[in-house]
Amino acid sequence: MNLLYFSAFRAVMLTGTVSAAAELLGRSQPAVSRLLDKLEAELGITLFERRKGLVTPTSVAHLLLDEIERAYISLDSLKSFAARVAEGEGRRIDTAIMPALALGFVPRLLGRFREDWPQTKIRVNVTLSLKVEEWAASQQIDVGLAEPPFRRSGFRVETFGNTPYIAVVPADHPLAGRSSIGPTDLVGIPFIAWSSFTSAGQLLEQAFRSCGVRYDAAYETNVSATALEMVRGGVGVGLIDPYTAVSEQDDGVRLIPFTPTIPFNVALLRPDSRPANRAVDALIDLMGSERDKLMDRLPR
């Protein structure tokens, strides 16, 4: 099957229109339309509903896009491998990092890493833990940081951290002077909780239930940085991961231990088929030492 068909399909899905896809690909609009027609004919399925010059993707089109995106990721991985071979092993590191550690923790240590490895390029892919696991299993990265549990194989798992989530409150909040905060302290106070589909959200709900407190969050999110900004804005009290808490703390907020503890487990993933790489080992060592320094700054 002609890969150009898939390229045209992907461009339409990403841009939303045939005309925009044609501009992206440097082709005429009729040419892109013909490529879509040929793809549908070869697959024997309808990918777009066409009405008055507009194309609307079918449910099958969205499923196909997911598969094509995986193929493009594999092609990028192949290009990355070829580049490493051409430049010499150790000249590039591909990482996949969950947002909690990718928005502050990892970026801040890369400057120190570059002092010792100035010729090594690093790609920091910021993505959810499920995607980190997928890329590690398909051998597309050198190292990943993600929250367990994992269901795939093809990579080694090491514990990176298990420091619990911590409460964050505005500096002028009535709870700011407390040595610890629990569910009973949050009755009647707007609370920023974790989304119910996350492990933290489920554990948090259990903690409230075990304390006999009704779980009624005013806000929900699945990113600590978002919760922290909401606290800074004075909308309520939140629970965030310790890496974001310490990295982004300022005088406008207070960090207070939360009881009962809600564990924030982070694992380091190393794909089985990736060759030994001294630069990767050095980066992992640096992440470990910076983690230890950061955790020492948490209130106890």
Side-chain angles (χ1 to χ4, degrees), residues 93-117 120 122-129 132 136 141-148 157-171 175-176 178-181 192 194 198-200 203-204 221-232 237-270 279-300:
I93 300 174
D94 287 309
T95 72
I97 314 293
M98 61 186 296
L101 282 77
L103 300 181
F105 172 70
V106 170
R108 289 191 174 98
L109 62 80
L110 293 182
R112 289 192 53 198
F113 178 81
R114 190 169 181 81
E115 293 175 3
D116 295 327
W117 297 85
T120 300
I122 299 180
R123 175 183 289 175
V124 181
N125 296 291
V126 183
T127 188
L128 298 180
S129 293
V132 176
I141 56 174
D142 294 295
V143 62
L145 289 173
E147 190 172 11
V157 178
E158 304 172 20
T159 298
F160 185 79
N162 54 15
T163 304
Y165 287 88
I166 190 163
V168 57
V169 305
L175 294 175
R178 299 290 298 273
S179 59
S180 67
I181 291 177
I192 306 162
W194 281 81
T198 64
S199 58
L203 291 173
L204 194 57
T221 182
N222 64 332
V223 178
S224 284
T226 301
L228 180 57
E229 288 305 315
M230 294 168 74
V231 173
R232 285 195 178 114
V237 173
L239 195 70
I240 64 178
D241 74 85
Y243 297 88
T244 301
V246 179
S247 296
E248 306 299 329
Q249 183 184 15
D250 57 29
D251 293 337
V253 298
R254 295 287 183 271
L255 303 180
I256 303 173
F258 185 86
T259 55
T261 58
I262 309 295
F264 179 63
N265 297 313
V266 180
L268 189 143
L269 282 55
R270 300 197 67 173
V280 173
D281 293 338
L283 178 61
I284 291 173
D285 288 343
L286 180 59
M287 289 193 298
S289 64
E290 291 300 304
R291 170 206 59 207
D292 294 342
K293 293 177 183 177
L294 207 65
M295 296 304 100
D296 283 343
R297 293 164 52 191
L298 282 170
R300 306 295 180 183

Side-chain contact, heavy-atom cut-off 4.5 Å: [X] with [Y]?
| X | Y | result |
| --- | --- | --- |
| R270 | V280 | yes |
| V169 | R178 | no |
| L298 | V246 | yes |
| V124 | P107 | no |
| F264 | I166 | no |
| L145 | L268 | yes |
| I97 | L103 | no |

Report task. Please determine if R112 and E115 form a salt bridge, counting it only when a charged side-chain N lies under 4.0 Å from a carboxylate O. Result ->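 Salt bridge absent between R112 and E115.
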
Query - Salt-bridge contact R123-D142 (side-chain N to carboxylate O under 4.0 Å) - result: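 No, no charged N to carboxylate O under 4.0 Å.
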
[X] to [Y] - nearest heavy-atom pair and separation:
| X | Y | answer |
| --- | --- | --- |
| A176 | P170 | CB-O, 3.7 Å |
| G104 | S247 | C-OG, 4.4 Å |
| A167 | F258 | N-CB, 4.2 Å |
| P148 | A267 | CD-N, 4.2 Å |
| T261 | P263 | O-CD, 3.8 Å |
| W117 | A282 | NE1-CB, 3.3 Å |

If you round to the nearest 0.5 Å, how far is [atom2] of [Y] from [atom1] of [X]?
| X | Y | atom1 | atom2 | answer |
| --- | --- | --- | --- | --- |
| E147 | T198 | CD | OG1 | 7.5 Å |
| I192 | E229 | CD1 | CD | 10.5 Å |
| T244 | Y165 | OG1 | OH | 9.5 Å |
| I93 | L110 | CD1 | CG | 9.0 Å |
| S199 | L204 | OG | CG | 11.0 Å |
| K293 | D296 | NZ | CG | 10.0 Å |

Query raised in the report: Hey, does the side chain of R291 reach the backbone of G161 with a donor-acceptor pair shorter than 3.5 angstrom?
Result: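 No, the answer is negative, given that no donor and acceptor are paired below the 3.5 Å cut-off.
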
Query raised in the report: Looking only at atom types and distance, does a side-chain atom of S224 sit under 3.5 Å from a main-chain N or O of D241, one as donor and one as acceptor?
Result: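 Yes.
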
**Report entry** Pair L109-L283, side-chain contact (heavy atoms from CB on, under 4.5 Å): steps then yes or no
**Finding:** CA-CA 9 Å; L109 62 80; L283 178 61; 3.9 Å; yes

Query - R108 atom CZ, over 12 foreign heavy atoms within 6.0 Å - result: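 Yes, CZ of R108 has more than 12 neighbouring heavy atoms, counting only those of other groups under 6.0 Å.
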
Query raised in the report: side-chain contact (heavy atoms from CB on, under 4.5 Å) between I262 and W194: does it pass, once the steps are laid out?
Result: CA-CA 11 Å; I262 309 295; W194 281 81; over 6 Å; no

Report task. Sort out for me which residue in T259, I256, L239 forms a side chain to side chain contact (heavy atoms under 4.5 Å, CB included) with I181. Result ->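 Testing I181 for a side chain to side chain contact (heavy atoms under 4.5 Å, CB included) against T259, I256, L239 leaves exactly one candidate, I256.
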
